[in-house]
There are 2 protein chains.
Amino acid sequence: MNVTVPIKIEPLKVACSSCNLRELCLPVGLNSNDLDQLDELVATRRHVVRGDTLFRSGDVFQSIYAVRTGFFKTCVSSEDGRDQVTGFQMAGELLGLDGISTDRHSCDAVALEDSQVCVIPFEQLEELSREFTDLQRQFHKIMSREIVRDHGVMLLLGSMRAEERLAAFLLNLTQRLQARGFSAAALVLRMTREEIGSYLGLKLETVSRTFSKFQEEGLLEVKQRHLRILDQAGLQKLVNNTNC
Amino acid sequence: MNVTVPIKIEPLKVACSSCNLRELCLPVGLNSNDLDQLDELVATRRHVVRGDTLFRSGDVFQSIYAVRTGFFKTCVSSEDGRDQVTGFQMAGELLGLDGISTDRHSCDAVALEDSQVCVIPFEQLEELSREFTDLQRQFHKIMSREIVRDHGVMLLLGSMRAEERLAAFLLNLTQRLQARGFSAAALVLRMTREEIGSYLGLKLETVSRTFSKFQEEGLLEVKQRHLRILDQAGLQKLVNNTNC
DNA sequence: CGGAGGCTTGACGGCTGTCAAGGCTAGTGG
DNA sequence: CCACTAGCCTTGACAGCCGTCAAGCCTCCG
C-alpha cells in the first residue's frame with residue numbers, strides 16, 4: 001500500500017454529460033449546452049477508501065462532492081463528544097453543502113466503502129450558475145431537497161417509535177437503491193448497527209432487537225448485513241399507522 | 001372585522017437598505033448597490049394574524065418570506081397525521097425555503113403572534129442573484145445555514161435527554177433574542193408547551209415537568225410563558241455534560 | 001487459526017409517555 | 001366591571017419502551 005499518496009486525484013474519465021448518474025445528480029434537467037459547461041467544471045475525481053474521511057468538521061470549504069461510486073455517512077459531533085449520523089449518501093447524491101454557510105465544513109463525511117466522488121469547485125459552480133438559469137435552479141432545488149429531507153428526519157426522530165423508525169429507514173434505503181437500478185428486495189447494509197442507531201436516535205441493541213423482531217414477524221430476512229425485504233407493504237403499514 | 005380581505009398586502013414602507021434587521025436578514029454583507037436592487041425586489045409586505053398560516057404544505061411555491069415582526073412556527077405532517085414542529089422563526093429569519101425543491105411547500109408556516117413578513121418573489125431573487133455575486137453567495141449561505149441548523153436539531157433529537165433538549169432550546173432562543181437586542185435573561189414564550197414538545201420530540205407533560213424541575217434547581221423562574229433565566233451557565237452545563 | 005470488531009440476546013432499570021384531575025389565565029360577553 | 005369559559009398548564013400515578021450492562025456468538029481478515 002502506498003501511503004505517500006493518501007488522497008488520489010485523477011482527471012475525470014466520465015463527463016457529466018455521459019455519466020450514467022446524470023438523471024440522479026446535479027445535471028438533472030440540464031440541456032446539452034449547460035451539460036458541456038458542467039463537464040468543464042467537474043474536472044477531477046477523488047478516491048476515498050473505506051473508513052477515510054472526505055472532509056472533516058472544521059476543514060475549509062472549497063468544493064462540494066457528488067458520489068460517483070460507493071457509500072458515505074455524514075456525522076456531526078457536539079463539543080462534549082456526542083455524535084449523530086445525519087445522513088447516508090449513495091451514488092448521485094451530493095456532499096458538503098453544510099460548508100457553504102461558514103466556509104468551513106460542519107460535519108464529517110466518512111466513506112463506508114471504497115468510493116469515488118466528483119469534485120465540484122464551489123466558486124466555479126456559483127459562477128456557472130450565474131450564467132445558466134437551469135443549473136442555478138437545479139442547485140437550489142438540491143439544497144432545498146436537503147432541507148426537506150432533514151425535516152423528514154426530524155419527524156422521524158421526534159415522533160416515531162423504534163419499529164417505525166427502522167421501517168421508515170429501510171423503505172427509504174430500498175427506494176433510493178431501486179432508483180439506481182438495484183433490487184428493492186435484497187440489499188447489503190454498508191453501515192453498522194451502531195451507525196443505523198445513531199441516525200435513528202436509537203442504541204445499537206435496539207436496532208438489533210428490532211431487526212430480529214421484524215424477522216420473527218416475517219417482514220424481513222436478516223443475516224448480519226444481508227437483508228431481504230419479504231413484506232414491503234407490512235413495513236409501510238408500520239410507518240403509517242401510529243399504533244394499530 | 002373585514003373578512004373579505006383575509007390577506008392584507010401593502011406596499012413596503014421600510015426598504016431593506018434602511019431596515020433595522022438588515023444585519024440579520026438576507027441583506028447581510030451586501031454593498032449599497034446590491035441593496036438598492038434588493039429594495040426593488042422586496043416590494044410587498046404581508047400581515048398574518050396569530051393562528052393564521054403564511055403558507056401550507058401543498059401550496060404552490062412562489063416566494064420566500066423574511067419575518068419582519070412577529071413569530072412563526074413551521075411544521076410538517078406525515079400522512080397518518082403525525083405532526084412535527086421543525087422550527088420557530090423570529091424577526092430577520094427566512095421562511096419557505098422548503099418550497100424550492102418541488103415548487104410546492106412541504107410544510108405549514110403558522111404565525112404564533114400577529115406578524116408581518118416581507119415577500120421575496122423567488123424567481124426574481126434568482127434573477128437578481130445571477131447578477132450580483134454577493135447576493136447569490138448570501139442566499140446560498142442562508143440555505144446552507146438552515147441545513148446546518150437542521151443537523152443540530154437532529155443531534156438534539158437523536159442523542160439528548162429531555163433536560164438537555166430543553167436547556168439547549170432555551171439557550172438557542174435567548175441567544176437569538178439577544179442578537180435582536182432583547183434581554184438574554186427575561187423572555188416570553190410565544191409557543192405552547194405542546195409546540196415546544198413537538199419541536200423537541202417530547203410530550204407536553206414532560207416539557208412542563210422539566211420546566212418545573214429547572215425552577216426547583218434555581219436555573220429558571222417559570223410563570224406560565226414568562227421565563228427568567230437565573231443560571232445560564234447551569235443550563236449550558238446541562239447541554240454539554242452528558243450525564244455528570 | 002486466532003483475534004478483533006460487530007452482532008445478538010437476556011435481565012433489569014429508568015426516563016418519558018399515558019391517563020387523569022385540577023388550577024391558572026386571558027379573553028369574551030353580559 | 002365582573003363572571004364565565006376555553007385553552008393552557010401543572011402535577012400525580014402508573015406503565016412501557018428503550019437504554020444499560022453483560023455475556024457470548026459470528027464473521028471476516030490478517
Side-chain angles (χ1 to χ4, degrees), chain A residues 1 49-51 73 82-85 110 112-114 156-167 169 188-217 220-227 238 241-244, chain B residues 1 49-51 73 82-85 110 112-114 156-170 188-217 220-227 238 241-244:
Chain A
M1 182 169 55
V49 305
R50 179 174 162 187
K73 70 169 178 181
R82 242 188 286 255
D83 213 64
Q84 172 77 22
V85 172
V110 182
L112 296 183
E113 58 183 353
D114 293 356
L156 180 149
L157 290 172
S159 72
M160 292 186 178
R161 290 176 311 104
E163 288 179 36
E164 299 165 345
R165 294 184 197 188
L166 190 61
F169 170 72
V188 180
L189 298 174
R190 300 304 177 185
M191 68 294 276
T192 66
R193 301 290 190 260
E194 187 169 17
E195 285 160 341
I196 296 172
S198 172
Y199 182 60
L200 299 178
L202 302 169
K203 292 293 159 183
L204 70 94
E205 293 93 334
T206 303
V207 174
S208 179
R209 263 187 262 273
T210 308
F211 269 131
S212 299
K213 180 151 188 242
F214 284 176
Q215 182 158 240
E216 282 166 30
E217 291 169 349
L220 288 183
E221 196 179 292
V222 184
K223 223 180 268 175
Q224 303 288 119
R225 298 198 181 180
H226 294 259
L227 300 187
L238 264 179
N241 296 355
T242 304
N243 222 345
C244 44
Chain B
M1 184 169 55
V49 305
R50 179 175 162 185
K73 71 169 177 181
R82 242 187 285 254
D83 212 66
Q84 172 78 22
V85 172
V110 181
L112 296 183
E113 58 183 355
D114 293 355
L156 180 148
L157 290 172
S159 73
M160 292 188 179
R161 291 175 311 104
E163 288 180 35
E164 299 164 345
R165 293 185 198 189
L166 190 61
F169 170 71
L170 291 173
V188 179
L189 298 174
R190 300 303 177 187
M191 68 294 278
T192 66
R193 301 290 192 259
E194 187 169 19
E195 286 161 340
I196 296 173
S198 173
Y199 182 60
L200 299 178
L202 302 170
K203 292 293 159 187
L204 70 92
E205 294 93 333
T206 304
V207 174
S208 179
R209 264 187 261 273
T210 309
F211 269 131
S212 299
K213 181 153 189 240
F214 284 176
Q215 183 159 239
E216 281 166 29
E217 291 170 348
L220 289 184
E221 197 178 290
V222 184
K223 223 180 269 174
Q224 304 288 119
R225 298 197 182 181
H226 293 260
L227 300 188
L238 264 179
N241 295 356
T242 304
N243 220 347
C244 45

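This one's a predicted model, so the numbers in the text were calculated from it and none came from an experiment. Sequence lines set the chain letters: A, B, ... in the order given, protein chains first and strands last, and positions in each chain run from 1.
- If you measure from atom CG of B:L189 to atom C1' of D:dC8, you get 13 Å, rounded to the nearest angstrom.
- Protein atom CE of B:M160 is 13 Å distant from nucleotide atom P of C:dT16, rounded to whole Å.
- Here C:dT9 presents its C1' atom at 16 Å from CZ of A:F211, a figure rounded to the nearest Å.
- With respect to B:R209 and B:E205, no salt bridge is recorded, no charged nitrogen being found less than 4.0 Å from a carboxylate O.
- Here the closest non-hydrogen pair linking B:V110 and B:G51 is CG1-O, 3.8 Å.
- Taking atom CG of B:L227 as the reference point, atom P of D:dC9 lies 11 Å away to the nearest angstrom.
- With C:dT8, C:dT18, D:dC9 as the candidates, the nucleotide lying closest to the side chain of B:K203 is C:dT18.
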Worked check of side-chain contact (heavy atoms from CB on, under 4.5 Å) between B:L112 and B:R50
CA-CA 5 Å; B:L112 296 183; B:R50 179 175 162 185; 6.0 Å; no
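- Taking 3.5 Å as the limit, the base of D:dT20 and the side chain of A:R209 contain a donor-acceptor pair of atoms between them.
- In this structure, A:L220 places its CG atom 11 Å from P of C:dT8, rounding to the nearest Å.
- No donor-acceptor contact under 3.5 Å links the side chain of B:E205 to the base of D:dC9.
- Two residues, B:R193 and A:V207, neighbour DNA chain D, and the one matched to the more 5' nucleotide by heavy-atom proximity is B:R193.
- Remark: P of C:dC7 and CG of A:L202 are 15 Å apart, rounded to the nearest angstrom.
- Picking from D:dC18, D:dT10, C:dT8 the nucleotide with the shortest atom distance to the side chain of B:S208 gives D:dT10.
- Contact annotation: side chain of A:R161 to base of C:dT16, donor-acceptor pair absent below 3.5 Å.
- Contacts of B:G201 with the nucleic acid, taken as non-hydrogen atoms under 4.0 Å apart, involve only primed sugar atoms and P, OP1 or OP2.
- A salt bridge links B:R161 to B:E164: at least one charged side-chain nitrogen sits closer than 4.0 Å to a carboxylate oxygen.
- In the set C:dT25, C:dG6, D:dT27, the nucleotide with an atom closest to the side chain of A:T192 is C:dG6.
- Contact check, B:T206 against C:dG17: a side-chain N or O comes under 4.0 Å of OP1 or OP2.
- One interatomic measurement links the two molecules: CZ of A:F214 to C1' of C:dT8, which rounds to 16 Å at whole-angstrom precision.
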Candidate pair A:L166 and A:L200, rule side-chain contact (heavy atoms from CB on, under 4.5 Å), full reasoning
CA-CA 7 Å; A:L166 190 61; A:L200 299 178; 3.8 Å; yes
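- Side-chain N/O atoms of A:S212 include one lying less than 4.0 angstrom from OP1 or OP2 on C:dT9.
- A:L204 comes within 4.0 angstrom of a base, heavy atoms only.
- When the side-chain nitrogen and oxygen atoms of A:R225 are compared with OP1 and OP2 of C:dG6, none of them lie within a distance under 4.0 Å.
- Regarding A:E194, its CD atom lies at a distance of 14 Å from the P atom of D:dC21, rounded to whole Å.
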